[in-house]
6 protein chains.
Amino acid sequence: MYSLTVSDHAMIAHSLPDDFFGPAAGLHGATLTVEATFEREQLDEHAVVMDIGRASALLDEALSGIRYRNLDDHPDFAGRLSTSEAIAAHLAERIAAGIPDWHSFAALTVTVVENPRARVSCRLTP
Amino acid sequence: MYSLTVSDHAMIAHSLPDDFFGPAAGLHGATLTVEATFEREQLDEHAVVMDIGRASALLDEALSGIRYRNLDDHPDFAGRLSTSEAIAAHLAERIAAGIPDWHSFAALTVTVVENPRARVSCRLTP
Amino acid sequence: MYSLTVSDHAMIAHSLPDDFFGPAAGLHGATLTVEATFEREQLDEHAVVMDIGRASALLDEALSGIRYRNLDDHPDFAGRLSTSEAIAAHLAERIAAGIPDWHSFAALTVTVVENPRARVSCRLTP
Amino acid sequence: MYSLTVSDHAMIAHSLPDDFFGPAAGLHGATLTVEATFEREQLDEHAVVMDIGRASALLDEALSGIRYRNLDDHPDFAGRLSTSEAIAAHLAERIAAGIPDWHSFAALTVTVVENPRARVSCRLTP
Amino acid sequence: MYSLTVSDHAMIAHSLPDDFFGPAAGLHGATLTVEATFEREQLDEHAVVMDIGRASALLDEALSGIRYRNLDDHPDFAGRLSTSEAIAAHLAERIAAGIPDWHSFAALTVTVVENPRARVSCRLTP
Amino acid sequence: MYSLTVSDHAMIAHSLPDDFFGPAAGLHGATLTVEATFEREQLDEHAVVMDIGRASALLDEALSGIRYRNLDDHPDFAGRLSTSEAIAAHLAERIAAGIPDWHSFAALTVTVVENPRARVSCRLTP
């Protein structure tokens, strides 16, 4: 099994309007450092999991939808909480949707580092 | 599949009284940077794997038992070697024991970084 | 010359309402990873620059004023831009003000990491 | 399940003579930061996955074959592309071949960090 | 005093044809992770040391001259060794030359990380 | 001005027998990740601050005196506290003493990272 991981980041604002989140219930923000890991059983004809440039473009394209946005006003998070886990799932779905040969991959994992001491991930399989 | 990882650290002293460990057989110590990764198939009703504060408290509680301790005198390591692997297993068991709905998790992994070039992990499933 | 550096983080929202900042002009946010470096010519009577716990408390106290806040509504940034540089200066001044023997230090530097590829610092001398 | 990860690095030159790789088609080089992760269901009689010194020696031995080399002239990459993925597989096979009790391991993963924003891995099972 | 640091990387090939460098005398390569730190006594009218985008563009422009190149064939290193220190000086000079108001800065430091255990820097003042 | 930084680590045990240090007063230990930064106005005849191998050997030699030791029993710390600052000064003095042309350097800084959130440094000049 092989994997390729690329990383990038996005800065967003949001609130988590539920008492469960304590001080994070109010409007605040985050620098989200995001990794996308693509897994495949075999390498392709160029001896890679995927072209790094293509992988980076897929991640950048997914991040462009949330970069410098207030997720409280983002249609994809309307009526639901934009937790780091929900953001990771949102990004993973966008990236997977952009891969024509997604069925040839074993898995895609998006990891979101929200602060130096906490990160989350969402793993999708075709 | 989703995961949440939180991190913290503890400073301990111990010896590894077996010639197998060479210079580490004598009394020395370590800063253990510890990560706990909680995995779940689905997010909970707040769209998270677990509250980050609760996860951090579980890790801190487990670390409090070894922090600033000489593990050679620690009852939980009496009669056995306190290798990083054994410490990781010890912490994983303590954390799992503190999760009332542990059966609803897919796995718990504790990673112990003992120096910049070596780390170990122990993965438990319910 | 000796130094002690402690680190922590805070999550904030803000906007930078000036076309100069491009997409960052709108409301967004950041995880600010912050380091405070205390410098002294000589160690104190306990052979340290400063107690780590005290240094960490000084940094935490300074960060508590901005943590989970929208800096657009923060009185200390009224009428001025809350750039990372301005935040670093704000934190440095708060920390220095909390050190009774500040005159005995050589310098205090606050470094703010705003994303994995950019950071700023502000250095104060008594 | 337990794991042990050790890390090291090697500096190499190579080209990737295929238009697919754009500017990387010409002769260039890389600092490859390499991690080897050894996994085992149970710890051995010394309460470790493997002696850290032995694991580090296995990784160093594998890296010694490519360190300060131009992989375009390396017999093991004759007639094929020395992508980071191919290097990871090459190292994993060399390391596995050096473990007499390889059948007692669950897996071996070699991760190659080729730059701060991209890494690959190859995972072998006995 | 304020500073802004931005980072990027470049992959290069080169040799260091002097016995002094041991195995690095032959053709090899490196991933150079490069930081540029700009220092100024006061912030500008936008409350920043320099626009991050402009700083990143200056660094990228300097790196574009060596990226994916064999420095043995690079005119700027003809007749001299392309050590990491020499590369840092080369990049610092290129960046400084691209700053119209360079005289208003206190210093510029370029740091080159050549492997996980070694880095060099070159600091210029106007 | 040029600098070269090399890094390594050592694991030690010690106590800090003064109520000032709270729980760290008892016997515990640390993984000390140590950086040595050598500064020089000009590069030498090989276009480097110092040979990396020589710099690494100087750091390793200094660390060998404390590696896997209980500093409570170490003659160099007899009658004084082995704080991270004192260890940094001790290492800096040992390294400087091992450089025949120490007068040709501008400074030497030893940084000791004692945990992920705290580090200290000691800077010497000839």
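Throughout, protein chains are lettered first and strands after them, A, B, ... in sequence-line order, and every chain is numbered starting at 1.
- Once rounded to the nearest 0.5 Å, the distance linking CG of Leu63(E) with CD1 of Ile12(E) reads 11.0 Å.
- Note on ring orientation: taking the six-membered ring where Trp is involved, the planes of His28(E) and His14(E) are tilted (angle from 30° to 60°).
- Side-chain contact of Thr31(E) with Thr31(D): a donor-acceptor pair under 3.5 Å is absent, judged by distance alone.
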Item to check | Audit row: Asp76(E), Ile66(E), side chain to side chain contact (heavy atoms under 4.5 Å, CB included) steps and yes/no | outcome: CA-CA 10 Å; Asp76(E) 289 347; Ile66(E) 62 169; over 6 Å; no

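- Counting heavy-atom pairs closer than 4.5 Å to chain E, the top residue among Ala13(D), Gly26(D), Gly29(D) is Gly29(D).
- Arg67(E) places a side-chain N or O within donor-acceptor distance of the main-chain N or O of His9(E), the cut-off being under 3.5 Å.
- Residues of residues 15-24 of chain D having a heavy atom under 4.5 Å from any heavy atom of chain E, listed by number: Pro23(D), Ala24(D).
- For the side-chain contact (heavy atoms from CB on, under 4.5 Å) with Val6(E), the qualifying choice from Leu58(E), Leu59(E), Asp60(E) is Leu59(E), the only one to do so.
- Relative ring orientation between Phe77(D) and His90(D) is described as tilted, the plane-to-plane angle lying within the 30° to 60° band.
- Taking both residues in full, the closest heavy atoms of Leu4(D) and Met50(D) are given as CD2-O, 3.5 Å, listed atom of the first, atom of the second, then distance.
- Looking at Leu27(D), the atoms closer than 4.5 Å to chain E (heavy atoms on both sides) sit in the backbone and in the side chain alike.
- For a heavy-atom cut-off of 4.5 Å, chain E lies close to Glu114(D), Asn115(D), Pro116(D) in residues 93-126 of chain D.
- Between the side chain of Ser64(E) and the backbone N or O of Glu61(E) there is at least one donor-acceptor pair closer than 3.5 Å.
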Next on the checklist: Apply side chain to side chain contact (heavy atoms under 4.5 Å, CB included) to residues Leu43(E) and Val49(E) and explain how you reach the verdict.
Outcome noted: CA-CA 5 Å; Leu43(E) 299 181; Val49(E) 171; 3.9 Å; yes

